[in-house]
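Everything numeric here is computed off the predicted structure, so don't read it as measured data.
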Amino acid sequence: MLLIIGSAQPVLADNGTDTALLRDAVSAENIISHLQELQAIADANDGNRAAGTSGHVASAEYIEGQLQAAGYETERQYFTYPKFVVDLAVLAQTAPTQTTYTYADEYRDMTSSAEGDVTAPVTAVDVNLAGDRASTSGCEASDFEGFPAGNIALIQRGTCDFALKAANAAAAGASAVIIFNQGNVNLADDRFGVVNGTLGEAGSTIPVVGTSFAIGEELAATEGLEMRVALDTHEELVETFNVLADTAGRADRTVLVGAHLDSVAEGPGINDNGSGSAAILETAIQIAELGIEPTNRIRFAFWSGEEDGLIGSDYYVSQLSARDIKNHAVNLNFDMVASPNPVRFVYDGDGGAFGAEGPNGSDTVEDVFLDYFASQGLATAPTEFDGRSDYFGFIENGIPAGGLFTGAEGIKSEEEADIFGGTAGRPYDPCYHAACDTISNIDPVVLEEMADAIAHTTLTFAMTTSAVKGTAQGGGKAANDFAFKGNHSLR
């Protein structure tokens, strides 16, 4: 892990802006009061704030009310999209014993899977249960040589897209597919728990589900295994909206500060992503309260539809003209900034840690964050632009981006625990996408630290008279091979 701590000279975009007053004003105490309101909204609306629900509408109304009280004019940007909905899901052993698995806890549908109801013998395909468990299971047609037509394919996660594994299985005559997790250490995401995957636009012609490594390992070792895989699904149209609010300032150097406001349906989403939304809300309020007049326009954006595939932020970018894109100097993205077992992650804008760099200027964004944390004597670690949050649409269109993250389902390493505290071998957020992501699921200390960094970086880019590299051309490098888009794994 690359640890970053120490002192640094101000980067190009930082003209020595004094952000102390704003940082002092943006407090974790005030942010937590916003989070308590979001918790109360979820409690009153079936326990969640998902896009297209009354919980999301009430959350947006709260955000709008707070911004309007501070003097902002707010705008709703409406959009619709189809959502994959599961009506019936079954995963069960029918032989040699009878065992029924629990949806969500022990298995999940693969989004965009075909429907079907199949009971058949199970055949494992090129799985690797030993050593580092490196796996290319199902990635090549040759893996299915001799596969009994009509059987259910048991495939291990690894290397290639789930859609390719499913397509190869279908071509070999499989009647359904069970993809189990890889079972190796991967700090980017959980490789042991239930696979929460998608088949993307490719979809499938047979039903496909994902399960955990432990269940997959057990199934692979079971003689005479026969199983039932059943999925009944439909698409429903979600109608929702983003909330936008602008400061004064140069519109040709807009600083887009964004966070998604929607939660998953499983819970209230207080860390994911009430924390980011509340932090940028409080930043906006305090900029107004302090009478700060930014040189460059700040646009605060509260996205909807993130949990269904970054829909709201993608829609926003899709509505921008070529000139509008040039007029966006930078995107600052804040998605989960109060995880209870946290690391202070900064997006790897220059690709120095992971090789996947953002558009020209993203290195400058990263440096502003790193310089700030160094000035406070706080260690950081890099996190990859992996396509899992709302910066995706911006970097795909050449807009420099960066942001902060305190961790989701990934597992904290021993080294990270030594540096940042907390518990090694446990997820950064054990309640990620779960009902327990409540007001009790946040770390107020790291929230204060991240909120100060959000305030500092927002004001730094708002007050700079220097262009962020690359924006003069309105283009940049964005050719990354993303493994994710939203909360569902593609591979």
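Of all heavy-atom pairs between K412 and G421, the closest is NZ-O, 2.7 Å. Looking at every heavy atom in both residues, A70 comes nearest to A288 through O-CB, 3.4 Å. In terms of heavy atoms, L404 sits closest to V346 at CD2-CG2, 3.8 Å. Considering every non-hydrogen atom in both H328 and L256, the closest pair reads CD2-CB, 4.1 Å. The two residues F369 and G402 have their closest heavy-atom pair at CE1-C, 4.2 Å. Annotation for A455 and V26: closest pair CB-CG2, 4.1 Å, computed over non-hydrogen atoms.
The number of heavy-atom neighbours closer than 6.0 Å to CD of E293, taken from other residues, nucleotides and ligands shown, is 12 or below. Under a cut-off of 6.0 angstrom, the local environment of CD in E201 is sparse, with at most 12 non-hydrogen atoms contributed by other residues, nucleotides or ligands.
Atom CD of Q286 and atom CG of L281 lie 10.0 Å apart (nearest 0.5 Å). How far OG1 of T460 is from CG of N296: 11.5 Å, rounded to the nearest 0.5 Å. Atom-to-atom distance recorded for H260:NE2 and N273:CG is 4.0 Å, nearest 0.5 angstrom. I411 contributes atom CD1, which lies 11.5 Å from atom OG1 of T423 (distance to the nearest 0.5 angstrom). With values rounded to the nearest 0.5 angstrom, F420 atom CZ is found 11.5 Å from N341 atom CG. Atom CD1 of I285 sits about 11.5 Å away from atom CG of L290, to the nearest 0.5 Å.
Residues V446 and V337 fail the side-chain proximity criterion, which asks for heavy atoms closer than 4.5 Å. Counting heavy atoms from C-beta on, the side chains of F461 and R253 never come closer than 4.5 Å. S113 places a side-chain heavy atom less than 4.5 Å from the side chain of S204. Looking only at side-chain heavy atoms (C-beta outward), P340 and D429 come within less than 4.5 Å of each other. At least one side-chain heavy atom of I287 sits less than 4.5 Å from a side-chain heavy atom of Y72. Residues V177 and F162 fail the side-chain proximity criterion, which asks for heavy atoms closer than 4.5 Å. At a threshold of 4.5 Å between non-hydrogen side-chain atoms, the residues Q319 and Q77 count as touching.
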* Any chance you could lay out the side-chain contact (heavy atoms from CB on, under 4.5 Å) test for Y432 and M336, step after step, and finish with the verdict? => CA-CA 10 Å; Y432 177 64; M336 303 179 66; 3.8 Å; yes

* **Residues S321, D324; criterion side chain to side chain donor-acceptor pair (under 3.5 Å); working and verdict** => CA-CA 5 Å; S321 67; D324 292 334; 3.1 Å; yes

* To do: Dump the intermediate steps for side chain to side chain donor-acceptor pair (under 3.5 Å) on E307 and H433, then the final yes or no.
  => CA-CA 10 Å; E307 297 290 6; H433 286 177; 3.1 Å; yes

* To do: Please report the C-alpha distance between N397 and L320 in whole Å, then the side-chain angles of each, then the deciding distance to 0.1 Å, and finally whether the side-chain contact (heavy atoms from CB on, under 4.5 Å) criterion is met.
  => CA-CA 10 Å; N397 285 274; L320 300 177; over 6 Å; no

* Asked: Would N128 and R133 satisfy side chain to side chain donor-acceptor pair (under 3.5 Å), going step by step from the backbone distance to the final call?
  -> CA-CA 5 Å; N128 177 19; R133 301 177 182 132; over 6 Å; no

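The disulfide (SG to SG under 2.5 Å) contacts involving residues 331-431 comprise C431-C436, where partners must be two or more places apart or lie in separate chains. For residues 323-384, no residue pair satisfies the disulfide (SG to SG under 2.5 Å) rule, not counting sequence neighbours. Screening residues 344-354 for side chain to side chain donor-acceptor pair (under 3.5 Å), with sequence neighbours left out, gives R344-E449.
For A20, the side-chain contact (heavy atoms from CB on, under 4.5 Å) partners are D18, R23, not counting sequence neighbours. Applying the side-chain contact (heavy atoms from CB on, under 4.5 Å) rule to I311 yields the partners F79, Y81, D308; only residues at least two apart in sequence or on another chain are considered. Take R297 and apply the salt bridge (charged side-chain N to carboxylate O under 4.0 Å, His left out) test, not counting sequence neighbours, and it matches D246. Residues meeting the ring-ring contact (aromatic ring centres under 6.0 Å, His included) test with F241, sequence neighbours left out: H56, Y78. For the side-chain contact (heavy atoms from CB on, under 4.5 Å) test, residues two or more places apart in sequence or in another chain that qualify with A214 are S212. Residues passing the salt bridge (charged side-chain N to carboxylate O under 4.0 Å, His left out) test with E448, sequence neighbours excluded: none. D24 pairs by the side-chain contact (heavy atoms from CB on, under 4.5 Å) definition with nothing, not counting sequence neighbours. Checked against ring-ring contact (aromatic ring centres under 6.0 Å, His included), Y62 has the following partners two or more places apart in sequence or in another chain: H34. Residues satisfying the salt bridge (charged side-chain N to carboxylate O under 4.0 Å, His left out) criterion with R76, sequence neighbours excluded, are E64.
Remark: side-chain polar atoms of E266 are not paired, donor with acceptor, to backbone N or O of A435 under 3.5 angstrom. No donor-acceptor pair under 3.5 Å is formed between the side chain of T211 and the backbone N or O of F180. Distance alone, capped at 3.5 Å, places no donor-acceptor pair between the T295 side chain and the R250 backbone. No donor-acceptor pair closer than 3.5 Å links the side chain of N271 to the backbone N or O of N441. Remark: side-chain polar atoms of K165 are not paired, donor with acceptor, to backbone N or O of R491 under 3.5 angstrom. Remark: side-chain polar atoms of S362 are paired, donor with acceptor, to backbone N or O of A401 under 3.5 angstrom. Under a 3.5 Å cut-off, the side chain of T17 and the backbone N or O of T19 do not form any donor-acceptor pair. Counting only distance, with no hydrogens or angles, the side chain of T283 and the backbone of A279 share a donor-acceptor pair below 3.5 Å.
Between Y316 and F394, the two ring planes are tilted [angle within 30° to 60°].
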